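Right, one structure below, let's go through it.
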Amino acid sequence: MKLYSVPHSPYASRIRIQILAGKLPIEVAAPEGGLGSESFKAMTPTGKVPALEVDGSTLVESAAIMEFLEERFPEQALMPTDPLQRAWLRSVGRFTDLDLAQALFPLFLELKLKSGDSEAIAKNLDALKARLATLEKFLSQPLAPALSEFGFLDCLLAPTLFYVVKVPAIFGEADILSATPLLKQWWHAAAERKQVAPVLDEMSAGLAAMMGS
Ligand SMILES: N[C@@H](CCC(=O)N[C@@H](CS)C(=O)NCC(=O)O)C(=O)O
């Protein structure tokens, strides 16, 4: 099996945490010809990373790849067996991708376009904080895993939280998690874990390289 990944991608980083945690026998490689190349686009339905080459097929979409690896390597599975807790994790995953990550996109765009529109930036930061308040409610539910434990939630959430913390800081919001204490506690614990920290380091290096610093 071969995972196509780029270091800064939060979606590919989910799978890299899973591989590191379970010592899964999966080679990690850059997309052939680079991300965006015609040869990589021809290999996958979406042309995006992560893409997992397995048994002559190419799987895409991080959430689907994560669940595939759970089933393919059951002895290394990170999800609990309880269907309710599994459903809770999937609901956090969907919220992360469909709401939280979407709230980051206008800020990424601002980093690229540098409009300097402070009103728009403040509005986008407020929208992001509203999503974080929702995430705090998820974490306060009884179905949430213990904040101190490594698990599937780390793979799902830590790579996106990396950007949630990093991007607002560039706009002067030094502690975006200050109003969400459970999330803040979870983030600080997760970022230190041995299965997560090396991947966050790769993300930092990848981001710096991408931004030319
Ligand atoms: N929903 C996808 C998102 C994947 C995605 O957007 N990957 C980005 C990198 S972070 C990508 O490959 N972009 C290349 C492109 O859009 O051409 C997933 O969860 O895997």
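From a predicted model like this one, the values you see are computed outputs, not experimental measurements. Just follow the structure's listing: the first ligand is 1, and inside any ligand the first atom is 1.
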Minimum heavy-atom distance between L139 and W186, given as atom pair plus value: CD1-CB, 4.2 Å

Side chain to side chain contact (heavy atoms under 4.5 Å, CB included) evaluation trace for I176 with L132: CA-CA 9 Å; I176 189 87; L132 295 176; 3.6 Å; yes

V6 contact mode with ligand 1 (heavy-atom cut-off under 4.0 Å): neither

S13 and R16: side chain donor to acceptor below 3.5 Å: yes

K2 atom NZ, neighbour heavy-atom count above 12 within 6.0 Å: yes

Minimum-distance protein heavy atom relative to atom 17 (O) of ligand 1: G47 O, 4.3 Å

Non-hydrogen atoms of F162 and P159 that approach each other most closely: CB-O, 3.2 Å

Nearest non-hydrogen protein atom, atom 16 (O) of ligand 1: K48 CE, 3.5 Å

Any N/O pair L35/ligand 1 closer than 3.5 Å: no

Identity and separation of the nearest protein heavy atom to atom 2 (C) of ligand 1: E61 OE1, 3.3 Å

Over all atoms of both residues, closest heavy-atom pair of W88 and A144: CZ2-CB, 3.6 Å

Residues, nucleotides or ligands: over 12 heavy atoms within 6.0 Å of Q141 CD: yes

Residue and atom name of the nearest protein heavy atom (relative to atom 4 (C) of ligand 1), distance in Å to one decimal: V49 O, 3.3 Å

R14, any N or O under 3.5 Å of ligand 1 N or O: no

Shortest protein heavy-atom distance from atom 10 (S) of ligand 1, along with the residue and atom involved: S9 OG, 3.2 Å

G36 near ligand 1 by a heavy-atom separation under 4.0 Å: no

Short N or O distance, S62 and ligand 1, threshold 3.5 Å exclusive: yes

